[in-house]
Amino acid sequence: MAVYLGLDASTQSLTATLIEVEGDRREVLVEQSLVFDAALPAYGTSHGVIRGDDPLIVTAPPLMWVDALDMMMARLAAEWPRDIARLTAISGSAQQHGSVYLNERGLATLSDLDAQQALTAQLADGFSRAASPVWMDSSTTTECREIERAVGGAAVLARRTGAHAFERFTGPQIRAFSKRDPRAYAATARIHVVSSFLASLLAGADAPIDPGDGSGMNLMDLTPRAWWPDALTATAPDLDRRLPRIQPSWTVVNSLAPYWCRRYNLPAAKVIAWSGDNPCSLIGSGLVREGRLAVSLGTSDTVIGLMRDLRIHDAGIGYVSASPTGNYMGTTVFKNGSLARERVRDRFGFDWAAFSAALASRPPGNLGAMMLPWFDPEITPHVATPGMRRIELDEDDAPANVRAVVEAQMMAMANHTRWMGGDPSVVYATGGAAGNRQVLQVMADVFGAEVVRSRARNSAALGAALRAFHADTRTTEGSAGVGSWDDVVRGFTEPDPAWRFQPRAEAVKVYAELRERYAEAERAAL
Ligand code: XUL
C-alpha cells in the first residue's frame, strides 16, 4: 500500500500530511504541525516573521525553514516508522513569493549534504542574504512601477505573466535587493522560491520551480510556462543564470537524498516538484472543476478557483497562475486576514468562543455599522497606508466590532473575486477560522452560496500529498495511473456533512445591498 507525504511550509508553521492510497481505500494517516514561534524560538519570529522598524518590510530567516524541515522529518520517522517505511513519494507546498538567496557554497551544499551533520550547520553560511523577504512585505512599490514601465506597461506585464507588478511578488523583491545591496546580489548564485528551496533540500539537488509558483514572480511567461526574457532584463542584472529551471508540477526531481535516508532511515521515495500553497490548496480542496471557489481563512484570506481559459483582471485585482492540473487558476489575496480578526478579538479580551458569541449576537448587516479592516497595508484593494476605518461603528461596542470585521472581510472577498468566474455555486472554506460556524454562516449569506468544509484540516498539505500521488501514478511503469484529477481527489476532498451552510434568503437580501455600500465606502476611503 502506497503512502504519500505532503508538507506545507506556511507563514507560521510546517504541516505534514501522510495519506494512504490503495484502490478505493483512501485515508489520511497523520496530520502534524510544528509552529515556528513555539518550536524554534531561537529565530525570534512572531507569527513566523520578523518585522523591523519599517512596517513595510517583513522577512523570515531561511535557516528556520531548514531547521523545521529537519525537525519534522525526524519526528515523522520516529513516531510513525511503519507508515514511513511505505513512503512512495513526497511533494510540498509553501507560502508563495518568498525568496531564498544562496551563495556558491550554499548552492554546492544542496547536492552534497552530509548525513553526519545537522542541515542547519551545513547551510548556515550558504546564504547571500540572511533574511528572506516574504509575501507580507510591501516595500517594493518603486520597483513594481520600474518593472512595469520597462516591459511596456502594467497591462503588458499582466498579459504575459498573469499579474500586474505586486510588491510581494518575487521579481520586484529581487529588483529591490539588487538595488539596495548590489554586493550581496553579486554574491548570489541561485535564487529559489521557498517551495523550490525546500524541494532542493529533500532531493539533494537544485530543484525546479513549478509553473504554479513561478506565476507568483512577475517573471514567467504564462502561456509557454518559461522565463520571460523581457521581465528578467527589467528586473535585475544576470538574473537568468541565478534562477532555477521551470518544470511541470508533476516532475520527479530525484529520489530522497541520502542525507534523509541515512540519518532517519527513510526509504528512497520520489521527490516531486513542490508548488505554492494556493496551487496546492486548489487540489486539496477538490477544486478540479470550474464554478467552485475556495476561501482560505489563514494569515491572509485567500480566494482561489480553477479557470479553464485564461482571464486576466485588467485593473490588477488578483492574478492568474498556471494550475498544477495543467489549466489556470485565479487567486485574490486579502492581507488583513487572521491578524485583523485577532486584533479585534484581543482588543475586547475575547477567546474564540466569546468572539463567536459576539458575532452571533448581532443581526446580518450589523444595524448599519461597518469597518474597513485595513490594520496592515492591504493587497486587495491596494492600500499602501494602513489604518482601520469605522463607519457608524462605536469603537467600544464589542459585538458590533466583531461583526463588522467579519462582514467586511466577507464582503470584500465576494466583491473582489467576481472576475474569477462570476458568482460561485459552492464555496469551500479552509484554514484556521473555517472552524468557526458563525463565520461560515456569514460567508454563506454574503456570497449567497452554499459553504462547505472538507474533512482535511490543511488543504495545502493534503493537496501536496495528492500531487505526490498523481505524479507517482503518472510515472510508475506498468501502473494504470489515475484517470483524471477527479480520480486523484476522490475520497479525500468531499465536504464534511456536519459542516454545510446554506445561504438564508433574508440575509442574502441584506448583504446584496450592503455589498454595494461597502464597495462605495472603499472607493470613498481610497
Ligand atoms: C498569495 C499570497 C499568500 C501566500 C501566503 O499570492 O500572497 O496567499 O501564498 O500563504
Side-chain angles (χ1 to χ4, degrees), residues 7-15 33 36 45 47-49 58-60 65 92-99 132-140 144 158 161-173 193-198 209-220 222 274-285 293-305 313 316-324 328-340 376-380 382 409 413 416-417 420 430-434 458-461 463-464:
L7 294 160
D8 172 41
S10 76
T11 314
Q12 307 202 36
S13 56
L14 177 69
T15 299
S33 283
F36 300 137
T45 56
H47 299 289
V49 298
V58 186
T59 64
W65 298 324
S93 143
Q95 57 170 302
Q96 295 193 250
H97 320 299
S99 38
S132 284
V134 298
W135 67 274
M136 297 167 89
D137 186 286
S138 42
S139 66
T140 65
C144 286
T161 69
H164 287 204
F166 283 117
E167 279 81 354
R168 68 193 190 286
F169 273 42
T170 322
Q173 289 291 342
V193 285
V194 183
S195 63
S196 59
F197 173 58
L198 295 175
I209 293 181
D210 92 305
D213 225 10
S215 310
M217 302 175 80
N218 282 139
L219 293 172
M220 189 188 82
L222 201 48
W274 285 38
S275 188
D277 52 2
N278 294 302
C280 288
S281 266
L282 187 88
I283 307 298
S285 307
L293 284 185
V295 173
S296 160
L297 301 173
T299 306
S300 63
D301 288 344
T302 307
V303 185
I304 57 174
H313 189 285
I317 293 283
Y319 64 99
V320 183
S321 303
S323 124
Y328 296 99
M329 62 179 284
T331 304
T332 307
V333 175
F334 302 80
K335 195 188 210 171
N336 285 279
S338 68
L339 299 186
D376 273 324
E378 182 50 69
I379 292 169
T380 313
H382 188 267
Q409 292 177 324
M413 284 194 270
H416 290 296
T417 57
M420 288 166 47
T430 68
N458 185 311
S459 58

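In listed order, ligands and their atoms are each counted from 1.
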Met220 versus Pro211, closest heavy-atom pair with distance: CE-O, 3.5 Å

Atom 10 (O) of ligand 1 [closest protein heavy-atom partner, distance rounded to 0.1 Å]: Asp277 OD2, 2.4 Å

Ligand 1 atoms in contact with Thr302 (distance to a heavy atom under 4.0 Å): 8 (O)

Backbone or side-chain N or O of Tyr319 under 3.5 Å from ligand 1 N or O: yes

The one among Lys335, Arg168, Met136, Gln96 that brings a heavy atom closest to atom 7 (O) of ligand 1: Arg168

Side chain to side chain donor-acceptor pair (under 3.5 Å) partners for Ser281, two or more places apart: Ser459

Under 4.0 Å to a heavy atom of His97 - the qualifying atoms of ligand 1, by number: 1 (C), 2 (C), 6 (O), 7 (O)

Residues Gln96, Val193; criterion side-chain contact (heavy atoms from CB on, under 4.5 Å); working and verdict: CA-CA 7 Å; Gln96 295 193 250; Val193 285; over 6 Å; no

Donor-acceptor contact below 3.5 Å, side chain Thr331 vs main chain Ile304: no

Side chain, backbone, both or neither: the part of Ile379 lying under 4.0 Å from ligand 1 by heavy atom: neither

Closest approach of any protein heavy atom to atom 8 (O) of ligand 1, naming residue and atom: Asn278 ND2, 3.1 Å

Ligand 1 contacted by Gly276 (non-hydrogen, < 4.0 Å): no

Partners passing side chain to side chain donor-acceptor pair (under 3.5 Å) against Ser300 (at least two apart in sequence or in another chain): Thr302

Heavy-atom donor-acceptor pair, Gln409 side chain to Asn336 backbone, under 3.5 Å: yes

Aromatic ring pairing His416/Phe334, orientation class (parallel under 30°, perpendicular over 60°, tilted between): tilted

Geometric N/O contact Thr331 with ligand 1, under 3.5 angstrom: no

Atom indices of ligand 1 within 4.0 angstrom of Ser300 heavy atoms, with elements: 3 (C), 8 (O)

